[in-house]
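These figures come from a predicted structure and were not determined experimentally. Side-chain atoms are counted along with the backbone in the values below, which use heavy atoms only and exclude waters and symmetry mates.
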2 protein chains.
Amino acid sequence: MRKRGILIVVSGFSGAGKGTLMKELLSKYEETYALSVSATTRSPREGEREGREYFFKTKDEFEKMIAKEELIEYARYVENYYGTPKAYVEKMLDSGKDVILEIEIQGALKVKKKFPDTLLLFVTPPSIAELKKRLVGRGTETMEMIESRMKRAAQEAEGMELYDYLIVNDDLKACVEEMHAIIQGEHLRSSRNSEFIQEIKEELRKI
Amino acid sequence: MRKRGILIVVSGFSGAGKGTLMKELLSKYEETYALSVSATTRSPREGEREGREYFFKTKDEFEKMIAKEELIEYARYVENYYGTPKAYVEKMLDSGKDVILEIEIQGALKVKKKFPDTLLLFVTPPSIAELKKRLVGRGTETMEMIESRMKRAAQEAEGMELYDYLIVNDDLKACVEEMHAIIQGEHLRSSRNSEFIQEIKEELRKI
């Protein structure tokens with residue numbers, strides 16, 4: 001029954017543990033998932049490799065990609081462009097992999113509008129008290145940085161109900177399994193299997 | 001986050017292995033699921049126990065239940081009534097159990113209309129050829145009986161896309177896990193967690 005992969009957008013509060021979660025999911029189920037690789041105009045940092053961390057583009061190349069609609073979504077931060085190349089995502093989806101895109105809410109909603117089949121997942125800690133505890137616990141952030149993250153979280157929270165599922169990151173291992181179960185369950189949605197339903201109906205008409 | 005159970009309606013072609021699937025699911029995850037017990041006006045058969053196979057009612061009692069809207073859905077077959085008592089289902093849902101209702105499509109759609117949160121699952125074999133093979137393989141049915149089941153299947157198939165998920169019963173054990181994953185994943189739908197989202201938003205407003 002299953003053929004094509006599902007496009008998944010993961011967003012969530014900074015400090016919710018998205019990064020670790022993705023890493024665990026991709027290493028545990030590496031045959032099932034692929035992480036989308038973004039294109040950017042910023043310069044490669046040490047250790048970054050073309051096509052692994054990013055596809056590195058000149059500003060000119062990037063703007064041509066925009067013009068040719070070769071990007072699923074893009075945004076500009078400070079002086080640089082960041083975007084998701086369509087070709088790479090399509091190739092992975094066609095090979096049957098579920099492709100994960102880690103972007104924030106504005107990007108997520110753009111993707112969903114263009115590709116209504118996209119699955120939107122929102123990673124959240126069990127409570128805001130817990131989120132604050134984790135940020136303070138890192139010991140690397142000033143109170144000002146934490147407060148700015150909290151303000152950002154308040155903005156992001158406004159769109160939480162637009163996501164399909166909430167991933168409550170309490171226990172990492174349990175959370176990886178939950179996320180895997182949600183995505184694999186989604187493959188069985190009737191709306192994702194119209195072709196199979198048509199086949200069954202046609203078989204029954206022939207009897 | 002999780003509090004209340006989900007009401008699940010399971011339908012599917014006769015011969016698709018629904019019964020065995022339910023039995024396996026309920027025995028493997030007995031803490032998680034409860035099977036809804038129907039009320040009926042037919043007489044108990046040998047070995048059937050009140051409140052286990054059915055709640056046995058007189059015609060008069062049953063019609064009073066209808067009048068008082070104490071049934072989620074009901075239907076009349078031949079001379080007898082069959083229906084789903086609301087009180088029992090609500091009690092199980094409140095205790096946190098996911099409650100499974102095994103009924104056919106007309107009933108399923110009535111339940112969904114009354115309780116839009118209901119999860120509709122449709123059990124199907126991987127193909128109609130496979131369904132026919134299974135029915136023939138039983139060796140207990142005449143060709144006429146098989147043909148009548150096939151006609152019935154053709155009617156039921158017309159509503160397949162109205163179900164939320166398809167459970168393709170190919171391998172029993174895998175199928176039990178798929179069904180479990182789908183239902184547990186559903187608990188994490190944003191639309192089922194408005195209260196949690198509100199709590200998060202309020203916590204963030206206070207900061």
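Heavy-atom contacts from other residues, nucleotides or ligands closer than 6.0 Å to NZ of B:K91 number 12 or fewer. Counting non-hydrogen atoms of neighbouring residues, nucleotides and ligands closer than 6.0 angstrom, the CZ atom of A:R76 exceeds 12 such neighbours. The 12-atom threshold is not exceeded at OH of A:Y74, counting heavy atoms of other residues, nucleotides or ligands nearer than 6.0 Å. Within 6.0 Å of atom CZ in A:R49, 12 or fewer heavy atoms from other residues, nucleotides or ligands are found, so the atom counts as exposed in its surroundings.
Heavy-atom distances place the side chain of B:F13, and not its backbone, under 4.5 Å from chain A. In this structure, chain A has no heavy atom under 4.5 Å from any part of B:E147. For chain B, no part of A:E177 is nearby; none of its heavy atoms comes within less than 4.5 Å. Of the two parts of B:T124, only the side chain, counted from C-beta on, holds a non-hydrogen atom closer than 4.5 Å to a non-hydrogen atom of chain A. For B:R205, the part lying near chain A is the side chain, with the backbone staying farther off; criterion is any non-hydrogen pair under 4.5 Å.
Here the straight-line distance linking atom CG of B:L188 with atom CD of A:E178 works out to 5.0 Å at 0.5 Å rounding. From B:L204, atom CG reaches atom CD of A:Q155 across 10.5 Å, with rounding to the nearest 0.5 Å. A distance of 12.5 Å separates CZ of B:R192 from CG of A:L166, quoted to the nearest 0.5 Å. We find the CD-CG distance between B:E203 and A:L131 to be 9.5 Å, quoted to the nearest 0.5 Å.
When A:S190, A:S194, A:S191, A:A129 are compared by the number of non-hydrogen pairs under 4.5 Å with chain B, A:S190 comes out ahead. Interface check for chain B: of the options A:E158, A:E199, A:M150, the most heavy-atom pairs under 4.5 Å are formed by A:E158.
Pairing each heavy atom of B:P126 with each of A:I200, the nearest pair is O-CD1, 4.4 Å.
B:E161 has no carboxylate O lying under 4.0 Å from a charged side-chain N of A:R189, or vice versa, which leaves the two without a salt bridge.
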